[in-house]
2 protein chains.
Amino acid sequence: MGFSNSQESHLADLPTALTIADSIRHHNLPGAFTEPVAYAKEQSILSEGELATDIHIVVSGAVRLFKMMPDGRRQIIGFAFPGDMLGLSLDDRYLHSAEAISPVILRHMGRRQLAALLERDHGLRKALLAWTMTELQIAQDQMLLLGRKDATERLSSFLLTLLQRRNHSTEDRHLPLAMTRTDIADYLGLTMETVSRTISLLKGRRLIRPLADHSIELLNVPGLQDLAAGNAITVQLDP
Amino acid sequence: MGFSNSQESHLADLPTALTIADSIRHHNLPGAFTEPVAYAKEQSILSEGELATDIHIVVSGAVRLFKMMPDGRRQIIGFAFPGDMLGLSLDDRYLHSAEAISPVILRHMGRRQLAALLERDHGLRKALLAWTMTELQIAQDQMLLLGRKDATERLSSFLLTLLQRRNHSTEDRHLPLAMTRTDIADYLGLTMETVSRTISLLKGRRLIRPLADHSIELLNVPGLQDLAAGNAITVQLDP
DNA sequence: CGCAGGGTTGACTGTTTTCAATTTATGTGG
DNA sequence: CCACATAAATTGAAAACAGTCAACCCTGCG
C-alpha cells in the first residue's frame with residue numbers, strides 16, 4: 001500500500017526491509033493465511049465502513065485503496081502490490097475501500113487470528129509496527145505532494161517512487177503502469193486530463209517515453225528528480 | 001500530532017484512547033523522561049534530516065510539524081498539543097521539522113532508551129502501535145482533504161477536527177486557535193489569503209463567529225459537517 | 001470489422017493564487 | 001499607560017494553473 005522515496009532504517013533493530021508477508025513467512029506461522037483467493041479486475045475487495053473481518057496479503061496483481069466522498073469524488077490513498085498488506089485497522093471497520101485493478105490473488109486472515117498471533121510473536125509485532133510507521137511516512141510525503149506540488153512535480157514524484165518500488169535493479173528504467181490515467185489522477189489529486197497533458201509535457205521534454213503497452217521508460221532520472229523536488233529552474237526546456 | 005474525525009477502537013484490545021504520554025505515565029516508567037524543557041514561541045525543536053536522537057512529549061503549548069521544499073514551500077503535517085508525541089521515526093533521522101507556535105514545555109527521552117523500554121514493556125508497544133495507526137488514519141483523511149476538497153470544505157473539516165480534539169465536552173463550541181492563518185493555510189494546502197477569505201465566507205453564512213482573541217465560535221455545527229463532507233448543496237445561502 | 005473504453009488534445013471556464021493596498025492586532029520602549 | 005512599530009489579517013483586482021466540456025484518436029477484443 002503506497003510507496004515512498006525514503007530509505008529505511010531501524011528503531012530497536014526493527015526488520016523494516018521485509019514486507020509483512022515476508023515477515024509472516026519468515027516467522028513460519030503455520031496455517032495463518034487462507035489458500036489463495038482470486039479477484040477479477042475491477043472487483044471490490046473491501047469497502048470503507050464495512051466490518052473489518054480480515055486482513056489480506058497481495059500474492060499477485062495490483063490493488064487500489066481509496067476513499068470516496070458522497071458526490072463521487074475519489075482519493076486513492078495508495079496502491080498495493082505483491083507482498084503488501086491491506087485491510088488493517090485499529091477500528092472494527094475498514095478505513096478505506098479496496099478494488100483489484102488487475103486480476104489479483106490474495107490470501108487473507110481473520111482479525112482475531114492476527115490479534116492472537118501478535119500476542120504470541122514478538123517479531124511479528126515489530127514488523128507490524130515497522131510497516132505502520134513506513135506507511136505513515138509515505139502518507140506524510142504524499143501530504144506534501146498533494147498540498148504543495150504542481151502537476152509536473154506530482155507526476156515526476158509518482159514515477160520515481162513507482163520506479164523505486166518496482167525495480168530494485170537500479171539500472172532498469174522501465175516502468176510497467178498497472179493503473180489507468182484516472183487512477184493516477186485520483187492518487188495525485190488531479191484530473192485524468194491533467195495527468196495526460198503532463199505526461200505529454202514530460203515526453204516533449206525527453207524526460208520519459210510512454211510505450212505502447214501501458215509502460216513508461218524514464219529517459220532522464222536526474223531531471224525527473226529535480227522536477228520532483230521542486231527545482232524546476234534547473235530543468236531546461238528544449239525545442 | 002494531527003487530529004481526525006474518526007472514532008477509536010481496538011485490535012487485540014489496544015489502549016487507543018490513551019495518549020502515548022498517558023500510556024507512559026500509566027505504565028509508571030521511572031525516570032524515562034527528562035525534566036520539562038521550555039521552548040520560546042517560534043523556536044525550532046527539531047529539523048527534518050537531523051539525527052533523530054530523542055522523542056518528545058508535549059506538556060503544554062502547541063507545536064507545528066512540517067516539511068519544507070527547497071524553494072520555501074511548506075506543508076504542515078500536523079499540530080501537536082499537550083499529551084502528543086513528536087520526533088518518532090523508524091529512520092535514524094527525523095522525517096519532518098517541528099517548531100513551537102506558542103511557548104511550549106516538552107519532556108524528552110533518548111531514542112535508545114525508548115527502544116529499551118519497548119523491549120521490556122508489552123503495554124507500551126501496544127500503545128505505540130495504536131498511536132502510529134491512529135496517525136496513519138489521520139494522515140489518510142488529510143490526503144482526501146488535500147487531494148479532493150475545495151477551500152470551504154477544507155476549512156470546515158479543519159475546524160470540526162480541531163473542535164473534536166480540543167473540547168471533549170460536546171456542548172462547548174468555542175475554539176481557541178493556537179495557530180496563525182499562515183499555519184492553517186500550510187496545513188490545508190491553501191494560501192493565507194484564501195483561508196482568510198473562506199473564514200469571512202463562513203462568517204457571512206453565520207456558520208462561525210471569529211472572536212477578537214484568536215478564537216472562533218462554531219454557530220452551526222451540522223452545517224459545517226455538511227460542508228466538510230462535501231454536501232454543499234444542503235447548506236443554504238442566507239441574505 | 002466495428003465497437004467500447006481508455007487516452008489525447010483543444011477551447012474555455014473557474015477557483016485559487018499572486019500582487020498589492022489597507023485595516024486590525026500585538027508588543028515594546030519611553 | 002500610551003505611542004509607535006511591526007506583524008497578522010482582511011480585502012480587492014488581475015493572473016495562472018488546473019478543471020470542465022467536448023471532439024477525436026487509438027487499441028484491443030468480440
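Proteins come first, then strands; the chains are lettered A, B, ... in the order of their sequence lines, and each starts at number 1.
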Just jot down the side chain to side chain contact (heavy atoms under 4.5 Å, CB included) partners of [X], sequence neighbours excluded, or say none.
| X | answer |
| --- | --- |
| A/Pro103 | A/Lys41 |
| B/Thr191 | B/Glu193, B/Thr194 |
| B/Thr182 | B/Arg74, B/Thr180, B/Asp186, B/Met192 |

Could you list the protein-to-nucleotides 15-17 of chain C atom pairs, N/O on both sides, closer than 3.5 Å?
{"unit_1": "C/dT16", "atom_1": "OP1", "unit_2": "B/Ala151", "atom_2": "N", "d": "2.9"}
{"unit_1": "C/dT17", "atom_1": "OP2", "unit_2": "B/Thr191", "atom_2": "N", "d": "3.3"}
{"unit_1": "C/dT17", "atom_1": "OP2", "unit_2": "B/Thr191", "atom_2": "OG1", "d": "3.2"}
{"unit_1": "C/dT17", "atom_1": "OP2", "unit_2": "B/Thr194", "atom_2": "OG1", "d": "2.5"}

Notebook entry, point to check: Bend angle of the helix from C/dC1-D/dG30 to C/dG30-D/dC1 from five-pair axes at both ends, rounded to 10°?
Noted result: 40°

Could you tell me which residues satisfy side-chain hydrogen bond (donor to acceptor under 3.5 Å, both in side chains) with [X], sequence neighbours excluded, listed by chain and number?
| X | value |
| --- | --- |
| B/Arg209 | B/Glu217 |
| A/Ser215 | A/His174, A/Asp213 |
| B/Asn220 | none |

Margin query: Check B/Arg93 with B/Asp91, please: is the shortest side-chain N to carboxylate O separation under 4.0 Å?
Written below: no

Checklist line | Contact boundaries on DNA chain D for chain B, cut-off under 4.0 Å to non-hydrogen atoms | finding: D/dA9 to D/dA13

Item checked: Results of salt bridge (charged side-chain N to carboxylate O under 4.0 Å, His left out) for B/Asp150 - residues two or more places apart only -> none

Check: Out of curiosity, A/Met69 CE to B/Lys149 NZ, how far, rounded to the nearest 0.5 Å?
Finding: 5.5 Å

Notebook entry, point to check: In Å and rounded to the nearest 0.5 Å, what is the CG to CG distance from A/Leu155 to A/Leu160?
Noted result: 9.5 Å

Could you list the donor-acceptor pairs under 3.5 angstrom formed between side-chain atoms of residues 51-68 of chain B and any protein atom two or more places apart in sequence or on another chain?
{"unit_1": "B/Asp54", "atom_1": "OD2", "unit_2": "B/Gly110", "atom_2": "N", "d": "3.4"}
{"unit_1": "B/Arg64", "atom_1": "NE", "unit_2": "B/Glu99", "atom_2": "OE1", "d": "2.9"}
{"unit_1": "B/Arg64", "atom_1": "NH1", "unit_2": "B/Asp183", "atom_2": "OD1", "d": "3.0"}
{"unit_1": "B/Arg64", "atom_1": "NH1", "unit_2": "B/Asp183", "atom_2": "OD2", "d": "3.0"}
{"unit_1": "B/Arg64", "atom_1": "NH2", "unit_2": "B/Glu42", "atom_2": "OE1", "d": "3.0"}
{"unit_1": "B/Arg64", "atom_1": "NH2", "unit_2": "B/Glu99", "atom_2": "OE1", "d": "2.7"}
{"unit_1": "B/Lys67", "atom_1": "NZ", "unit_2": "A/Asp141", "atom_2": "OD1", "d": "2.9"}
{"unit_1": "B/Lys67", "atom_1": "NZ", "unit_2": "B/Leu95", "atom_2": "O", "d": "3.1"}

Checklist line | Stepwise side-chain contact (heavy atoms from CB on, under 4.5 Å) check, B/Glu153 with B/Leu145 | finding: CA-CA 8 Å; B/Glu153 293 163 348; B/Leu145 181 148; over 6 Å; no

Report each atom pair, protein N/O against N/O of nucleotides 5-7 of chain C, whose distance is under 3.5 angstrom.
{"unit_1": "C/dG7", "atom_1": "OP2", "unit_2": "A/Arg181", "atom_2": "N", "d": "3.0"}

